Amino acid sequence: MFYPTYRPRRLRQNEKMRSLVRETELSVNDLIYPLFAMWGHNVANDVLAMPGVRQLSVDNIAAEAEEVAKLGIPAVILFGLPETKDEVASSAYAENGIVQQAIRAIKREVPELLIVTDVCLCEYMSHGHCGVIRGEEILNDVTLELLAKTAVSHAEAGADIIAPSDMMDGRVAAIRSALDENSFINTPIMAYSAKYASYFYGPFREAAESPPAFGDRRSYQMDPANAVEALREVNLDIEEGADIIMVKPALSYLDIIAAVHSEVDYPLAAYNVSGEYSMVKAAAAKGWIDEKNVAMEILTSIKRAGADIILTYHAKDAAGWIKEEKSRV
Ligand code: PBG
């Protein structure tokens, strides 16, 4: 069945015809918007490398969360910038820690919005690494206890989903059993399972003020050259009790998203990370690309690759764009 019997252009004649056969549709229901909770009062600092993203103090964060909810976005993911950092990340699991306060503030004002919390220690460690150190070594098993404590304290404050992003071995099992022991049997874990040691996180480190003071994260995050290993990481997290799997970053890792999607029957999230966002913003600011169309193409490609959920700094804009597109057809 080839030309002229089959003419693929028949189904591309107009927008109605195209939308009838469209395979992938971006929905606002799939988006998660990242928020940065900052210590202090009345703070709303622009993150220079990520136009549109701000560090917000607890008194300002509920208003932002409300705006997100009004756009129909179902969830936010919270990151914290604490006032003090030390070598055991005490502020990560303090009852009145910055994320714990932000959770309570958002839940008070916007109870219907789902709150995902990023569980990691780098933002709370004086040295900026995701685990406890001895010399320049990042220790695995002692770190698990602190991660588990952090996860429980987020759940106690009201977090709906716990998202460990540290890449220590065994963290999902440690967090699952700590949550269960504390009666949070119904709190899901969204595991950053295949998280790569990526230079695309550059702008995030300005937003979260969490760059490592020495070395890099390559002894715990994955080597960008590896794909088979991603499936191993994903399978481990599933065995340990993960409910949702994540691949991160997204754009340079669409092959990983597709591979995980075809191998595993668990909900799959992809993190469209800071550097991916900043590239679009920078090129658009120069007038070199069209921001809306490029961002929508990127988000659609992440979905097409197999992601069910997309964490993205474009979420608020995308919510508006999706609505616009719907009303046009
Ligand atoms: C914390 C964490 C990072 C990101 C999410 N959680 C930074 C890192 O691992 O260095 C990156 C998010 C982004 O770039 O948008 N470990």
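Numbering of ligands and ligand atoms starts at 1, following listing order. For clarity, every value in this text was computed on a predicted model and none was experimentally measured.
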Would you mind listing which atoms of ligand 1 come within a distance below 4.0 Å of any non-hydrogen atom of [X]?
X: Arg205; value: 8 (C), 10 (O)
X: Tyr313; value: 12 (C), 13 (C), 15 (O)
X: Phe79; value: 5 (C), 6 (N)
X: Cys122; value: 1 (C), 16 (N)

Exercise. Nearest heavy atom to atom 16 (N) of ligand 1: which of Lys248, Glu123, Lys195, Arg217 does it belong to?
Worked result: Lys195
For this session: Step through it carefully: locate the ring centre of Tyr201, locate the ring centre of Tyr271, and say whether they are under 6.0 Å apart.
Result: no
Problem set entry | Heavy atom of the protein closest to atom 14 (O) of ligand 1 (residue, atom name, distance) | Ser274 OG, 2.7 Å
For this session: Determine yes or no for a side-chain-to-main-chain donor-acceptor pair under 3.5 angstrom, with Asp290 supplying the side chain and Val294 the backbone.
Result: no
For this session: May I ask you to decide if Leu81's main-chain N or O and Glu123's side chain share a donor-acceptor pair within less than 3.5 Å?
Result: no
For this session: Heavy-atom distances under 4.0 Å are what count here, so tell me which part of Asp118 touches ligand 1: side chain, backbone, both or neither.
Result: side chain
Exercise. Looking at Glu291 and Lys281, does any basic side-chain N land under 4.0 Å from a carboxylate oxygen?
Worked result: yes
Exercise. So is Lys149 actually on top of Tyr93's ring, under 6.0 Å and inside 45° of the axis?
Worked result: yes
Exercise. Applying a strict 4.0 Å limit to heavy atoms, is Tyr277 in contact with ligand 1?
Worked result: no
Problem set entry | Within 6.0 angstrom of His261 NE2, more than 12 heavy atoms from elsewhere | no
